[in-house]
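Okay, so here's the structure we're looking at.
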Number of protein chains: 2
Amino acid sequence: MKKISRPTPTAEGLQLDVARDEFVTQWGSIGSAWGINRTMAQIHALLIITSGPLTTDEVMEELKISRGNAHTNLRELVGWGLVRSVIRKGERKEYFEAEKDVWKMFCIIVRERKRREIRPAINVLKDCIDRADGLKSPDAVAFTKQTKALCEFMEMADGVLSKVVRSEQSSIVPWALKFLK
Amino acid sequence: MKKISRPTPTAEGLQLDVARDEFVTQWGSIGSAWGINRTMAQIHALLIITSGPLTTDEVMEELKISRGNAHTNLRELVGWGLVRSVIRKGERKEYFEAEKDVWKMFCIIVRERKRREIRPAINVLKDCIDRADGLKSPDAVAFTKQTKALCEFMEMADGVLSKVVRSEQSSIVPWALKFLK
DNA sequence: TTGTATTTTCAGTATTTAATGAAAACATAA
DNA sequence: TTATGTTTTCATTAAATACTGAAAATACAA
């Protein structure tokens, strides 16, 4: 295994390293507030601020984590579509690089969350509505009314997000924004 | 402690109970996918589909959870503003009821997440930018560029959400929607 | 083939997060 | 005041989640 080569640390270099560490660490805690595994968020952060693609070993080294951990979370990120694997010809190692365009990142995350979380939630709501729909008691009527309201709201949100994300370009939202208040 | 009175279960009543249970349970798992404590989401779900306000004991009974757990999560929900406590005159017990209007719920959640998560994230980014800004190396320039892009995006998102939520009325988003694509 | 580099898996362990339940604190009525 | 109902706290325990590291599987070159 090749040792990662590093330039002799200069004052500037150290300052940058501090900023990068801060970014990676904090992105990790922000991620976990949003229900994302801390390590996954940190790897993502690391790849976002690294110009070239990195190998699993380099990620392990940078974040001081085990191979299994690095491997699993890199795969997860590839699964989300936030990171792609790159194979350099003549080399056997797999490299990983993040999508860096912020708007594209946003679109990917929105699409995945729609698919993984919003859609299932809507299905659950529909299921509950079906079970209670037609029941006559006041309780049942109230229940149906409330779940229907929730369901309609989520479908609306789902639709808005679809449209926002459809164009895949960032100018539309700021533009539409002019019309809001 | 007074036992909760319940009508004799009918076929319809049972069917409703199943639907309610399903809703509460599933809302719990949806919540945890979004970084919200499962019990907190379940209590919220329970209060949303219950017409009258409930006491801590009733919540404990319905969800089969301990007093401490019910207490803590009810307080947390009150802290978010999603649930308010109600005191009935002549009674010593505290009652809890949820905000039921879906649009209001949405506004509360957006405002709180902005405050608790988006704003702090923006501050972290600004801090990282400050540390690296002015450094001349190509790595530093790339780092600054990337973090600035992220920061600007999040500020934009913050602004959009502020406007969406400002009016506190649901008609604006569907209206603005017409302009999207 | 066989050897070597690399990736993947997963049982075991550690860490983090959430829940319990009983005691303490508090509030009100008698 | 004392008695009683109610809320709050918090040390302990339980459950969920994440991580490690080594072994197995895979891929490829010689």
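These values consider heavy atoms only, across backbone and side chains, with no hydrogens, waters or symmetry-generated copies. Convention: sequence-line order gives letters A, B, ...; per-chain numbering from 1.
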- prompt: Nearest-Å distance, OH (Tyr95(B)) to C1' (dG5(D))?
  reply: 13 Å

message: Applying side-chain hydrogen bond (donor to acceptor under 3.5 Å, both in side chains), can you list everything that pairs with Arg20(B), at least two apart in sequence or on another chain?
response: none

query: Is there a residue in residues 32-43 of chain A whose heavy atoms reach under 4.0 Å of DNA chain D, and which residues are they?
result: Asn37(A), Thr39(A)

- line: When rounded to whole Å, the CG to C1' distance for the pair Asn69(B) and dT13(D) reads 13 Å

Mind listing the N/O atom pairs, protein and nucleotides 24-27 of chain C, below 3.5 Å?
residue: dA27(C); atom: N3; partner: Arg92(B); partner atom: NH2; Å: 3.0

query: Taking OP1 and OP2 of dT8(D), is either one under 4.0 Å from a side-chain nitrogen or oxygen of His71(B)?
result: yes

- prompt: To the nearest angstrom, how far is Leu74(A) atom CG from dT7(C) atom P?
  reply: 10 Å

query: By salt bridge (charged side-chain N to carboxylate O under 4.0 Å, His left out), which residues pair with Glu99(A), not counting sequence neighbours?
result: Arg84(A)

- prompt: Could you give the CD-to-P distance, from Glu76(A) to dT8(C), as a whole number of Å?
  reply: 14 Å

task: Round to a whole Å and report the spacing from CZ of Arg75(A) to C1' of dC10(C).
output: 17 Å

- prompt: In whole angstrom, what separates Met60(A)'s CE from dA22(D)'s P?
  reply: 11 Å

- line: ring pair (Phe, Tyr, Trp, His ring centres under 6.0 Å) filter on Phe23(B), not counting sequence neighbours, yields Trp27(B)

message: The criterion is salt bridge (charged side-chain N to carboxylate O under 4.0 Å, His left out); which residues satisfy it with Glu94(A), sequence neighbours excluded?
response: Arg75(A)

- prompt: For the pair made of CD in Glu94(B) and P in dT28(C), what is the distance, rounded to whole Å?
  reply: 12 Å

statement: Closest to the side chain of Arg67(A), out of dT8(C), dT9(D), dC19(D), is dT8(C)

message: Please report the interatomic distance OG1(Thr56(B)) to CG(Asn73(B)), rounded to the nearest 0.5 Å.
response: 11.5 Å

- prompt: When rounded to the nearest 0.5 angstrom, what distance separates CD in Glu12(B) from CG in Asp139(A)?
  reply: 11.5 Å

- request: Could you please spell out the steps behind the side chain to side chain contact (heavy atoms under 4.5 Å, CB included) verdict for Arg131(A) and Val18(B)?
  value: CA-CA 8 Å; Arg131(A) 282 174 196 274; Val18(B) 171; 3.5 Å; yes

statement: Of the candidates dA19(C), dT8(C), dC19(D), the side chain of Ser66(A) sits closest to dC19(D)

field: Residue pairs passing the side-chain hydrogen bond (donor to acceptor under 3.5 Å, both in side chains) test where at least one lies in residues 112-123 of chain A, sequence neighbours excluded
entry: Glu112(A)-Arg115(A), Glu112(A)-Arg116(A), Arg113(A)-Glu117(A), Lys114(A)-Asp158(A), Lys114(A)-Ser162(A), Arg119(A)-Asp158(A)

statement: Across all chains, not counting sequence neighbours, the salt bridge (charged side-chain N to carboxylate O under 4.0 Å, His left out) partners of Arg92(B) are none

message: Can you list everything that forms a salt bridge (charged side-chain N to carboxylate O under 4.0 Å, His left out) with Lys126(B)? Sequence neighbours excluded, please.
response: Glu155(B)

Contacts table for residues 41-55 of chain B: side-chain donor-acceptor under 3.5 angstrom, sequence neighbours left out:
residue: Thr50(B); atom: OG1; partner: Leu46(B); partner atom: O; Å: 2.5
residue: Thr55(B); atom: OG1; partner: Asp57(B); partner atom: N; Å: 3.4
residue: Thr55(B); atom: OG1; partner: Glu58(B); partner atom: N; Å: 3.1
residue: Thr55(B); atom: OG1; partner: Glu58(B); partner atom: OE1; Å: 3.4

- prompt: Using a heavy-atom distance cut-off of less than 4.0 Å, which residues of residues 81-90 of chain A contact DNA chain C?
  reply: none

field: Nucleotide of dA19(C), dT7(C), dT7(D) approaching Thr56(B) most closely (side-chain heavy atoms)
entry: dT7(D)

N/O donor-acceptor pairs under 3.5 Å from side chains in residues 144-153 of chain B, not counting sequence neighbours:
residue: Thr144(B); atom: OG1; partner: Ala140(B); partner atom: O; Å: 2.8
residue: Gln146(B); atom: NE2; partner: Lys100(A); partner atom: O; Å: 3.0
residue: Thr147(B); atom: OG1; partner: Phe143(B); partner atom: O; Å: 2.8
residue: Thr147(B); atom: OG1; partner: Thr144(B); partner atom: O; Å: 3.1

query: Separation of Asp57(B) atom CG from dT8(D) atom P, in whole Å?
result: 13 Å

